[in-house]
Amino acid sequence: VLGPDERDPWDENALVRALGAPGTPEELEHEDEFLAMFRAQQQSRTARRFAGRFGVGATTAIASIALTAGVAAAYGRVLPDPVQNFAHGVLGTVGVPAPEQHRTAVSHHTPVRVIRPTPVATSSPGGGPSKLPLQPSPTLQVPTKVGTTGPTGAPIPIPTPTGGTTPTSGPATPVPRVPGSLSASTATKRVQVGSSVIVTGTLFATDGHPLRQRVVRLLVRSAGQPWALAAAARTDVNGNVTLSTAALTTNSVLRLTSAGVHSPTLGVVVVPVIEGSSVVASGLTTVTVTVRGCQAGDAVTAYRHNGTQLVQIGTAVLDATCTGQITVPTPKHVLRIVLRTAATKRHAKAQTTVTIGSVAS
Amino acid sequence: MLDLALDRARSGEEDGFMEIWRTLHPPLLRYLTAGRNDSPEDVASETWLQVVRDLSKFEGDGRDFRAFLFTVARNRAIDAGRARAVRPVIALVPEAAERGSAPSAESLVMEEFSTRSAVELVASLPADQAELVMLRVVAGLDVAVVAEMVGKKPGTVRVGVHRALRALSRDPRVRASGPQKEEVV
């Protein structure tokens with residue numbers, strides 16, 4: 001996370017990597033409460049904007065209406081939409097619904113959810129005043145919405161897919177389900193360099209039901225790098241989602257995430273591809289090795305069979321283009337040599353066979 | 001990416017705000033934890049409350065927003081420190097090292113040094129040095145921004161961070177999780 005001026009010396013430092021690691025589930029566990037805080041603030045802004053537009057008199061009048069006979073009208077949703085909307089914004093915590101356009105799919109007799117304070121140490125020897133910003137209070141009571149919320153805090157109806165299993169009849173609002181677990185799997189954990197990996201997963205609510213139409217993100221972390229977004233999609237009616245990475249060039253860890261719920265991580269090892277060619281000159285054979293998926297500085301070692309085991313005959317260190325050369329005495333007969341690169345943090349080991357000698361040259 | 005999320009959040013979109021929160025809440029908690037606040041979650045909540053309140057008036061890009069968030073957090077932490085009576089510091093308990101019998105593909109690329117241990121290690125530094133490290137490394141703020149926040153010269157910040165990281169890198173836990181072993185496949 002260091003800036004460009006200081007990043008390089010510490011980029012691979014274990015401490016720096018650990019400090020900059022992605023958020024843990026524990027760190028992100030109160031997501032819903034912060035979202036509720038944001039919603040409450042948006043609703044408050046909407047109410048203030050309305051008050052500013054129509055003036056204090058109108059606001060007072062509406063408040064009077066709402067507090068007297070208007071309360072019944074507001075409950076009965078017979079006020080004009082802007083007024084109903086404002087009444088909903090101001091009196092939403094006591095159950096006044098929003099205007100008509102949102103009524104078809106969303107009931108407004110929504111439960112009131114109180115923002116819970118984050119856990120704190122209960123013992124305070126000094127007995128000093130608490131600095132908790134999220135003390136339960138009427139101003140922080142927000143009605144729980146179904147579905148997403150638009151810029152003004154108004155609920156957006158979620159269309160029910162045809163053939164869906166969720167009951168749609170009746171005015172009762174279903175209790176919104178919260179993601180509880182997210183599974184992830186891949187068909188393979190070992191791919192050739194340049195290949196992508198398909199990850200499938202299923203998102204479940206805390207009550208075990210699959211969650212549909214939820215955004216699930218595929219995150220990829222290459223060796224020494226932070227998590228990066230690779231793809232995103234919505235779950236289907238069964239809570240399933242299928243996502244694909246881009247072409248992988250180094251060992252990577254993958255995981256799915258949705259609304260603060262993370263799947264277990266999946267490690268994928270990338271296997272480099274070694275290509276070799278030979279040229280004979282002055283009794284010497286030069287084997288040029290190119291490795292896709294390696295780094296500058298990686299070594300490629302050449303071996304020959306002596307009948308019972310492999311014997312090392314040369315080593316090349318790859319340059320910036322991942323190319324190296326190994327020069328050996330030209331054998332009198334055709335000889336198959338094995339080129340190998342060892343596994344590193346960034347890739348698996350790999351090998352290939354190259355033929356050198358009179359026929360090959 | 002934070003710039004787009006910030007624009008969406010300013011226009012009231014929840015997804016935008018949650019993207020910002022998921023990105024910045026973990027580093028915020030780590031910063032406050034390393035600062036020896038006895039209740040970093042409380043200070044973080046107070047920070048976000050103020051940030052959400054002022055979000056519509058905020059002008060700037062994602063980088064400016066980071067600075068804004070951590071400046072608010074720093075002020076809230078100072079306020080909390082002044083207001084509370086003397087309280088015991090709750091020491092973090094380092095997680096047990098998770099070591100398998102053989103390195104898996106995951107372990108080759110996953111962090112072996114836990115974030116919690118790292119924060120604990122930084123917290124062992126002198127307070128001002130720990131804050132510099134957290135603001136630079138965890139919050140990702142520029143040297144100039146950090147220097148302005150803490151009232152030091154940019155050069156002092158740069159050198160302070162470098163020395164702190166160098167000192168911490170000598171810790172056996174950091175050294176143990178340094179070079180990776182070769183994979184056996």
Side-chain angles (χ1 to χ4, degrees), chain A residues 1-3 5-6 10 13-24 27-28 31 34-35 37-39 41-42 45 117-121 124-129 131-134 148-153 189 221-223 229 251-253 260 265-269 342-345 348-349, chain B residues 1 11-14 17-18 21-22 25-26 29-30 38-39 41-43 45-46 48-49 52-53 56 79-80 83-87 90 104-106 108-115 117-119 121-122 136-140 142-143 158 161-162 165 168-169 174 177-178 180 182-185:
Chain A
V1 190
L2 283 175
D5 50 343
E6 289 186 24
W10 300 104
N13 182 270
L15 175 75
V16 170
R17 287 204 314 268
L19 288 172
T24 62
E27 288 171 328
L28 296 169
E31 179 173 321
F34 286 92
L35 178 58
M37 177 199 292
F38 182 75
R39 279 179 183 162
Q41 182 61 29
Q42 292 305 115
R45 275 183 63 199
T118 51
V120 293
S124 176
K131 298 295 287 180
L132 258 183
L134 293 179
T148 57
T149 303
T152 59
K189 291 193 172 186
R221 182 172 205 183
S222 302
L229 179 65
N251 291 351
S252 301
V253 172
T265 55
L266 305 167
V268 176
V269 173
T344 70
K345 179 182 171 186
K349 72 178 183 181
Chain B
M1 200 162 68
S11 64
E13 291 183 35
E14 291 177 359
F17 172 71
M18 291 319 295
W21 185 83
R22 287 186 205 110
H25 188 65
L29 277 180
R30 291 168 197 173
D38 59 3
S39 186
E41 293 89 349
D42 293 354
V43 181
S45 297
E46 197 168 345
W48 281 110
L49 193 64
V52 165
R53 204 179 287 146
S56 60
D79 287 347
R84 70 175 176 252
V86 177
R87 292 181 183 180
I90 302 169
S104 64
E106 286 92 336
L108 285 169
V109 282
M110 283 295 287
E111 304 299 340
E112 293 187 352
F113 186 55
S114 81
T115 299
S117 302
V119 172
L121 199 57
V122 174
R136 286 285 290 129
V137 178
V138 177
D142 293 337
V143 169
R158 190 177 285 111
V161 172
H162 185 80
L165 289 177
L168 293 175
S169 296
V174 180
S177 58
Q180 297 276 340
E182 284 197 351
E183 180 200 14
V184 179
V185 286

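What you see below is based on every heavy atom in this structure, not just the backbone, and it leaves out hydrogens, waters and symmetry mates.
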What are the two closest heavy atoms between A:Glu27 and B:His25, and how far apart are they?
O-CD2, 3.1 Å
Say whether, by atom type as modelled, one donor and one acceptor occur between the side chain of B:Thr115 and the main chain of A:Leu19 under 3.5 angstrom.
no
Looking only at heavy atoms, the pair that brings B:Ser114 and A:Ala18 closest together is O-CB, 3.8 Å
Flag the pair B:Pro26 / A:Thr24 as yes when at least one side-chain heavy-atom distance between them is below 4.5 Å, and no otherwise.
no
Report the residues that fulfil ring-ring contact (aromatic ring centres under 6.0 Å, His included) with B:Phe17, sequence neighbours left out, ordered by chain and then residue number.
A:Phe38, B:Trp48
